[in-house]
Amino acid sequence: MEIEASPATLRDALEVLWALYPGIRDRVLAEHGQIREHVNVFVGNEDVRHTGGLATPLPAAAEISIVPAITGG
Amino acid sequence: MPAQRRTPVIGQVLGHYRIVSKIGEGGMGVVYRAQDEILHRDVALKVLAESTLVNKSARDHLLHEARASSALSHPNICTIHEVGESSGALYIVMELVEGKSLSALIGSAGLPVESVLRYGVQIAGALAHSHGRSIVHRDLKSSNVVVTPEGLVKVLDFGLARRLPREVLGEATQTVAPLEGAVGLTGTLPYMAPEVLRGEEGDHRSDLWALGVVLYEAAAGQLPFRGRTSFEVSAAILRELLPPLPSRIPPSLWAIIQRCLAKEPAQRYQRASEVHAALEAVQSAAIANPEPPTDQRGPRTTVLRGIPHIHVKSGDVLLLVGTAKGAFLLRSTAERSSWEVGGPYFHGHAVYAMAYDGRNGRHRLWASTHSLLWGTFLRSSDDFGKIWTNPLRADIKFPADSGASLKNIWQVCLGRPEEPDVLYCGVEPAALFESRDAGETWSLVRGLFDHPHRPRWMPGNGGLCLHTILPHPAKNERMYVAISAAGVYRTDDGGSTWRARNRGIAVTFMPEKYPEFGQCVHKIALHPARPERLFLQNHWGLYRSDDGAETWQDIANGVPSDFGFAMVMHPHDPDCVYILPVESDEFRCAPDGRLRVYRTRNAGASWEPLMRGLPQKGAYETVLRDAMTADALDPLGLYFGTRSGQLYASTDEGKTWKKILEGLPSVVCVKTAVVGEPRVTRKPKAARDAAVASFRAKRSTQKSKKRRGRL
């Protein structure tokens, strides 16, 4: 889905997403507000763990992907 | 005494090398093209400047480094052939590389992204090779990287960086200025990592910093940390944030550069091979088809077609079965002779806790669904499973400032009959949640969460979980909880304060055998008619208390093992308890491969096996702590599920057993309930047999569409 806004950071972009789809927030973030351990979030092709997590700056037309890690049993 | 050194001239021979022409000049010395008179090949010959060799130790150091570097053999590393001395001049013989230095190529506009990546990958490869042989470059910079016309990168001067005196001559700054506190710095100022500037030794990660500078420089056409004086440059390196790159640089490359240029070495990539892989990944993403794939139908969803649902009537008996990969609902009449199966619900989620709330006219099922990915959510259904709530927000969650994060819900249980809207949840990490509005809202019981013992509670094998909750049937303010591995705690003031109640319960895994807390209690059970009596299955040990958990006595008399998980009280007999012994904490399966339930009818003075209908050979089964239960009917029905996905039931107090379902995922929770009023009351045996016979006759002549899933 595309959003019209121009958020500066990943956190800002995700806030827009939660506003549109409130159910996603508690499934992607844990209580302390950080991304769940087994959920990978990418800005472009870069795992945001390496780019500053929720504070990752977003370039224009950023593509954010929320992808479950290959895990489980 | 060495002869006075003269500047080499064209045609002069050093060793067996004839100087042909001058190639360039740097801080370390002059580089010549020379001819190897023996091998007849051209080489590069660097004659080291006198200032480099201020004393014997500097000279020895350089020789040592050169020797080490000469062992490096990699396509992106300029090979060192030889080190020699002639007429007082120390020279290094290297592979002659035809090409342009990266600094010359970069210019002021920077390079196209694909070039940055192409060169970066090769430099990172060279660093990975040399770091693998414990050689740190120490002076990586764009003028030390040569690019051949074919685009092959050669990194020069590995390990040869001289040690600088207090005065620093930087290439980017034309002034010489003393650098405060700088002693023995190695490298070229704009490429120096913060730790090197601070006087620390620097390691391979300082090379990765320098690589970051080179990548930035190649991308932007200018250095990231600039200034008019050495002081300003140093200050920028130590404190300034990176100026942003032009927008044509993809965020992924920007992210790599940022990470190389993390001020703290521990925050950078820790190995050159990681940078190499990261750059390659960006390269291959750029090379790959830029068109988005046409198969863009959105996220894959699994359509669950036709899950069978149970059809429940008043008086029916329900079995709620939670497994590692979903929940199942079974339903039977009070006869409990055949079962209709519904599910799997929440398939793919572990359902550790289930409950049925039939109070106040409700018919509400509860299930906790746990996904490693998406977390744990409490779900409810008011129509026996056809529709479940799917909450937008997690109902059970720790306060944001508590530092705890919900891992799983281990227990959902009802409050006392006098409080028909109260429910409790026991969770992992060990905590208790309470609802006073039939599960609409939940709150953390802080009295237990803030208990001073909490920081010393250790997890059991399955995690630090609060798995059993026993409200006292008569005293409203009293409640027991069991935590693995903290033990039994009791409150006498409605949850504001809690005391450990483990006196007499042994611990096998700590030096102190009877500590105040820390026991890995697997299950506790109390009797509604005699609530001061509790039974306890421990991680090794069976116990009974007759004084509300003040003291516990060992009742492991004549059991094949006092290790086990499940424990069920007979609802009508306070002396009768059922357990399912497990061989040991290591083996965790039925002793001797014989699946047996053990029962005491004298409060633990002795135990007897119940095994008719249960496999007695090769049955290495495990029954987990919440996977056994009893209904409140007469005769007593008992049910348990195994970790191998089988469900057994007895309808005669445990004398005989029957497998009622198999092929399930690992069973973790079995609960039972009667919907509405039980329909069957105890009849004389003959009448019961007749009723069963006629029921069977009727059933076999009917074409029942409602018989689904019966095995």
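Naming: A, B, ... by sequence-line order, numbering from 1 per chain.
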Counting heavy atoms not belonging to [X], are there more than 12 under 6.0 Å from its [atom1]?
X      : atom1 : answer
B/I387 : CD1   : no
B/R588 : CZ    : yes
B/K407 : NZ    : no

Main-chain N/O of B/W374 paired to A/R36 side chain as donor or acceptor, under 3.5 Å: yes
Whether the side chain of A/E31 engages the backbone of B/F398 through a donor-acceptor N/O pair (distance < 3.5 Å, no angle test) should be reported. yes
Which one wins on heavy-atom pair count under 4.5 Å against chain A: [options]?
options                : value
B/W254, B/F377, B/Y269 : B/F377
B/A255, B/G403, B/S405 : B/S405
B/P399, B/P391, B/A400 : B/P391
B/A350, B/G375, B/A262 : B/G375

Which atoms form the tightest heavy-atom contact between A/R27 and B/N390, and what is the distance? NH2-OD1, 2.8 Å
Looking only at heavy atoms, what is the nearest atom pair of A/V39 and B/L373, with distance? CG2-O, 3.4 Å
Side chain, backbone, both or neither: which part of B/A278 has an atom under 4.5 Å from a heavy atom of chain A? neither
Sort B/R393 into side chain, backbone, both or neither according to what part of it lies under 4.5 angstrom from a heavy atom of chain A. both
If you round to the nearest 0.5 Å, how far is CG of A/D26 from CG of B/D395? 9.0 Å
Pick from A/A30, A/P68, A/G44: which one has the most heavy-atom pairs with chain B under 4.5 Å? A/P68
Tell me the salt bridge (charged side-chain N to carboxylate O under 4.0 Å, His left out) pairs involving residues 44-67 of chain A, sequence neighbours left out? A/D47-A/R49
